[in-house]
Amino acid sequence: MPHKLPTIEALRERPGPLILLLAALVMIGPFSIDMYLPAFPSIAATFGASPAALQQTLSIYLIAYAVMMLWHGVLADALGRRPMILVALTIYAIATLGCAIAGNIETLWLFRALQGVSAGVGLVIGRTVVRDVFQGAAAQKMMARTTQIFSIAPAIAPVVGGLLVGFSGWRAVFWGLLILVILLLIWCYRALPETLPPEARQSLHFGALCRSYRAVISRPEFILLALTSALNFGGFFIYIAGAPSFLIKLLGVSEQGFAWLFVPMILGIVSGSTIGGKLAGRISPERIITIGYLCMGAACVLNLSLCLFLPANVMWNVLPIMLYTTGTSMVTPNAFLFMLATFPTMRGLASSLQGFVQFSLAALISALLVPLIDTSLLTLAFGMITFAVAGAVAWIAYRKTRAPLAPGAF
């Protein structure tokens, strides 16, 4: 007898299992980045690789991640959410096995790219599943709760990665990821129903795709909202991509001490998403975003002050990052819901394009910016300020130029 999947009505009545599943899907991305950062010195020793070659294992992953984001949502809009998730997790498992047995740095680059091709499915399609099933304040709360749970991943990933490296070497990181994705694949197969009905699916015809992409990209609202999220993310991603230098070189932390950065960072994300979830339905999403930017502004001022007037101290220097992520986790979910409300019939495609913008910027930050600014705490602080200001400008421009949303679209 075939396994019976839960219905959409059942998911609305008991959203808890869906929250956990979608959060686990989104965790694949952070785990793929953060879990292996403590392994950089060990990988370098194994392959005799330069710091630049090691940095490319992250940059190549992010480039592949960003490019494939253009297709995750489109394919999910045409073929359905469930089959795309199952296929992508299978590809990710194969790629992770390749990373675990890589014999040289070039092979590791290849399989990191394949990981990037498949890892974004959780972020893109997971968020569209939320919007497929829920609307209005319920969607806001679901997005906030999913953020709360998945934010555990960046906190524990580098800690687990450091322990695995210390216990059994860097390859153990990828063996651990392989076990994780196999369990997640089984879970999705048994518990995730299709949330996009056949009559709501979009055409994969090339001409229709081009028109759909043009319809989204040509809207100033999309560009400004995508930049809002991407630039806010860049303000703390410089610390993630530069974590080995920030923690080990500038603050004197060991390879097993990455929790000093990631735990406060995730506490900020959890706090911000909790506040955003509590405020959803009580005040407008615009006001929640304003509060988020006030938190980010305070974080930038504090960060710059600490760098200018106090000696380096890991406890103090990670505090502004925690406050900054509190703000971003109030801004980003609501900005994303505004974007999906702007394109109610092309949510997957819009989500893909937003992810492409965000992670293309992340790839450029990792490859080009971080090697230039991770040499001092002060230059990193100026990087945070620059991204926060640019994100705020994009949001203000959106408020001034946006067209009215359809009734009930948000």
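Heavy-atom basis, side chains included; hydrogens, waters and symmetry copies ignored. In this chain, numbering begins with 1 at the start of the sequence shown.
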Query raised in the report: Can you list the residues that meet the ring pair (Phe, Tyr, Trp, His ring centres under 6.0 Å) rule with Phe174, with sequence neighbours excluded?
Result: none

Query - Check: Ser118 side chain, Leu114 main-chain N or O, donor-acceptor pair, under 3.5 Å - result: yes

Query raised in the report: How many angstroms lie between atom SG of Cys99 and atom CD1 of Ile43, to the nearest 0.5 angstrom?
Result: 9.0 Å

Report task. Could you name each residue pair satisfying side-chain hydrogen bond (donor to acceptor under 3.5 Å, both in side chains) that touches residues 353-373, not counting sequence neighbours? Result -> Gln55-Ser366, Ser59-Ser366, Arg127-Gln354, Gln354-Gln358

Query raised in the report: Between Ser271 and Thr274, does any side-chain donor sit less than 3.5 Å from a side-chain acceptor?
Result: no

Report summary line: side-chain contact (heavy atoms from CB on, under 4.5 Å) test vs Tyr398 passes for just one of Leu224, Val393, Ile223, namely Leu224

Query raised in the report: If only atom types and distance count, is the side chain of Thr325 paired as donor or acceptor with the main-chain N or O of Met265 below 3.5 Å?
Result: yes

Query raised in the report: Does atom CZ of Phe47 have more than 12 heavy-atom neighbours, drawn from other residues, nucleotides or ligands, at distances under 6.0 Å?
Result: yes

Query raised in the report: Between Leu184 and Leu21, is any pair of side-chain heavy atoms under 4.5 Å apart?
Result: yes

Query raised in the report: Can you find a heavy atom in the side chain of Thr90 that is under 4.5 Å from one in the side chain of Val181?
Result: no

**Report entry** Sequence neighbours excluded, every pair satisfying side-chain hydrogen bond (donor to acceptor under 3.5 Å, both in side chains) that has a member inside residues 96-105
**Finding:** Thr96-Gln115, Asn104-Thr107

Query - Under the side chain to side chain contact (heavy atoms under 4.5 Å, CB included) test, residues paired with Met84 that sit two or more places apart - result: His72, Leu75, Ala76, Ile125

Query - Those residues that, when tested against Tyr36, pass ring pair (Phe, Tyr, Trp, His ring centres under 6.0 Å) (two or more places apart) - result: Phe40

Query raised in the report: Who pairs with Ile179 by side chain to side chain contact (heavy atoms under 4.5 Å, CB included), at least two apart in sequence or on another chain?
Result: Leu183

Requested in this report: Could you tell me whether the side chain of Thr332 and the main chain of Ser329 form a donor-acceptor pair under 3.5 Å?
Outcome: no

Query - Residue list, side-chain hydrogen bond (donor to acceptor under 3.5 Å, both in side chains) with Thr290, at least two apart or on another chain - result: none

Report summary line: For Ser32, the side chain to side chain contact (heavy atoms under 4.5 Å, CB included) test, sequence neighbours excluded, returns Ile28, Tyr61, Tyr92, Arg112, Ala119

Query - Val357 vs Leu353 side-chain heavy atoms within contact, under 4.5 Å - result: no

Query raised in the report: Does any pair with a residue in residues 207-235 pass ring-ring contact (aromatic ring centres under 6.0 Å, His included), and if so which ones, sequence neighbours excluded?
Result: Phe233-Phe236, Phe233-Phe237, Phe233-Phe359

Query raised in the report: Partners of Thr195 by side-chain hydrogen bond (donor to acceptor under 3.5 Å, both in side chains), sequence neighbours excluded?
Result: Asp132

Query raised in the report: Taking only residues at least two apart or on different chains, which pairs with a member in residues 163-176 satisfy side-chain hydrogen bond (donor to acceptor under 3.5 Å, both in side chains)?
Result: Thr46-Trp170

Query raised in the report: Who pairs with Ser50 by side-chain hydrogen bond (donor to acceptor under 3.5 Å, both in side chains), at least two apart in sequence or on another chain?
Result: none

Report task. Would you check if Pro83 and Glu194 make a side-chain contact, meaning some heavy-atom pair closer than 4.5 Å? Result -> yes

